[in-house]
Amino acid sequence: MNHLIKSNMEEIIKEVASLLAASKHIVAFTGAGMSAESGIPPFRGEGGIWNKYDPESLDIEYYYRHTQQSWSIIRKVFYDYFNNSEVKPNPGHEVLAKWENDGRLDCVITQNIDDLHTVAGNTKVLEFHGNMSRFVCTKCGKKFPAKSIKMTYLPPECPECEGLLKPDFIFFGEGIPQEAYYGSIDAAENCDAFIIIGTSGQVSPANMIPGIAKQHGAKIIEINMEPSAYTKHISDYFIQGKSGEILPQIDALI
Ligand code: APR
């Protein structure tokens with residue numbers, strides 16, 4: 001594997017910018033690190049959500065067996081936090097939106113549920129783990145904007161059929177939305193440059209998507225604060241640092 005780690009960050013960023021400038025089909029694959037500079041804590045590592053809360057509260061079995069407890073954690077970790085803080089796209093999100101607008105970026109495959117790629121202006125976003133800005137009724141299947149549902153009493157009920165509402169993001173043990181799953185595989189198979197941004201690569205089946213791009217000949221560029229499960233065997237370029245700072249530097253050179 002031709003592994004380029006260059007001591008000189010400038011040099012690697014220049015090399016990546018010229019590679020991307022010559023690419024016809026770029027795909028971005030993002031994780032929690034993409035939104036860290038928007039103030040959203042990651043799941044693992046320093047300040048990670050799973051250091052404070054048991055991931056079991058987001059297990060689908062647990063959710064149906066202990067709905068009240070699961071919902072109180074969900075409300076605190078996701079909705080209270082979002083409603084009480086000014087969460088908005090950071091410069092990294094803005095670059096990916098610009099690249100889609102310029103016709104450079106085919107799509108974003110995101111593991112994030114924070115809706116920030118869409119808010120930033122990307123329209124081709126494959127939400128591998130769903131999206132917290134919507135609720136879905138577990139009884140009638142109707143979807144509602146999360147903002148339209150009061151969460152004073154938990155669990156929240158469907159305004160149409162009074163069924164149990166669930167955030168429209170994927171719990172552990174739940175299947176991946178078909179469109180996102182097959183769309184991501186298709187995008188990975190047909191791109192010539194694949195940028196892995198801010199993900200530890202710990203969670204399957206999302207974590208197999210970069211390997212598919214690699215197998216199909218794409219150049220793999222990784223941006224992360226620290227090495228990940230991909231750095232050694234998948235990434236052709238590893239740029240260590242904050243995605244909200246590095247993406248604008250690359251964009252300035254394209
Ligand atoms: N810029 C770039 N990378 C960053 C930044 C930043 N500013 N801040 C943190 N990172 C990196 C961390 O080094 C880490 O590798 O982002 C990664 C975050 O990893 P995780 O917290 O494991 O998030 P992610 O990989 O997206 O988790 C995947 O796990 O719990 C599930 O469904 C949840 O989608 C999530 C999935």
Side-chain angles (χ1 to χ4, degrees), residues 9 12-13 16 28-60 62-63 70 73-74 77-78 81-82 87-96 108-117 120 125-133 166-177 180-181 184 194-211 220-235 237-251:
M9 180 77 93
I12 191 168
I13 287 181
V16 162
F29 177 75
T30 67
M34 181 84 216
S35 299
E37 289 146 271
S38 298
I40 301 177
F43 288 96
R44 297 168 189 84
E46 202 187 319
I49 292 173
W50 300 141
N51 301 348
K52 280 187 230 141
Y53 300 96
D54 184 345
E56 190 189 32
S57 47
L58 281 193
D59 174 276
I60 193 68
Y62 182 87
Y63 177 75
S70 181
I73 301 254
I74 290 167
V77 173
F78 297 101
Y81 181 82
F82 263 69
V87 174
K88 54 185 197 304
N90 64 57
H93 292 103
E94 281 151 20
V95 165
L96 296 185
V108 178
I109 302 167
T110 189
Q111 300 170 88
N112 300 339
I113 58 174
D114 55 36
D115 205 35
L116 288 180
H117 287 301
V125 182
L126 294 168
E127 298 174 337
F128 212 83
H129 291 154
N131 189 319
M132 64 175 282
S133 68
K166 175 183 166 295
D168 195 20
F169 58 74
I170 303 305
F171 283 35
F172 291 112
E174 259 194 302
I176 301 302
Y181 184 76
S184 300
F194 191 89
I195 317 175
I196 305 172
I197 308 168
T199 177
S200 62
Q202 304 289 318
V203 171
S204 74
N207 62 1
M208 53 112 194
I209 300 292
I220 311 294
I221 295 142
E222 182 179 11
I223 300 171
N224 200 316
M225 294 284 279
E226 58 198 29
S228 72
Y230 302 112
T231 310
K232 226 177 157 79
H233 303 293
I234 299 256
S235 305
Y237 298 86
F238 175 64
I239 310 175
Q240 186 149 11
K242 294 184 173 182
S243 51
E245 294 171 3
I246 289 169
L247 283 166
Q249 287 173 35
I250 297 172
D251 182 51

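Note that ligands are numbered from 1 as they come in the structure, with each ligand's atoms numbered from 1 the same way. Keep in mind that this is a model prediction, so the values were computed, not measured.
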By salt bridge (Lys or Arg N to Asp or Glu O under 4.0 Å), D168 pairs with (sequence neighbours left out) R134, K143

Hits for ring pair (Phe, Tyr, Trp, His ring centres under 6.0 Å) against F194, two or more places apart or cross-chain, chain-then-number order -> F29

Anything under 3.5 Å between an N or O on ligand 1 and a protein N or O? List each pair with its distance, or write none.
residue  : atom   : partner : partner atom : Å
ligand 1 : 1 (N)  : S243    : N            : 3.0
ligand 1 : 1 (N)  : S243    : OG           : 3.4
ligand 1 : 7 (N)  : E37     : OE1          : 2.8
ligand 1 : 13 (O) : N224    : OD1          : 2.7
ligand 1 : 15 (O) : N224    : OD1          : 3.4
ligand 1 : 15 (O) : N224    : ND2          : 3.0
ligand 1 : 16 (O) : G33     : N            : 3.4
ligand 1 : 16 (O) : G198    : O            : 3.3
ligand 1 : 19 (O) : S200    : N            : 3.4
ligand 1 : 21 (O) : F43     : N            : 2.7
ligand 1 : 21 (O) : R44     : N            : 2.8
ligand 1 : 22 (O) : R44     : NH1          : 2.7
ligand 1 : 22 (O) : S200    : OG           : 2.6
ligand 1 : 25 (O) : T199    : OG1          : 2.6
ligand 1 : 25 (O) : S200    : N            : 2.9
ligand 1 : 25 (O) : S200    : OG           : 3.4
ligand 1 : 26 (O) : A32     : N            : 2.8
ligand 1 : 27 (O) : R44     : NH1          : 3.0
ligand 1 : 29 (O) : R44     : NH1          : 3.1
ligand 1 : 29 (O) : R44     : NH2          : 3.1
ligand 1 : 30 (O) : R44     : NH2          : 3.2
ligand 1 : 30 (O) : W50     : NE1          : 3.0
ligand 1 : 32 (O) : H129    : ND1          : 3.4
ligand 1 : 34 (O) : Q111    : O            : 3.1
ligand 1 : 34 (O) : H129    : ND1          : 2.9

By side-chain hydrogen bond (donor to acceptor under 3.5 Å, both in side chains), Q111 pairs with (sequence neighbours left out) T199

message = Has E37 got a side-chain atom pairing as donor or acceptor with G244's backbone, closer than 3.5 angstrom?
response = yes

(request) Please confirm whether the backbone N or O of N207 pairs with a side-chain atom of Y230, one donor and one acceptor, at under 3.5 Å? (result) yes

Margin query: Walk me through whether V95 and I250 qualify under side chain to side chain contact (heavy atoms under 4.5 Å, CB included).
Written below: CA-CA 9 Å; V95 165; I250 297 172; over 6 Å; no

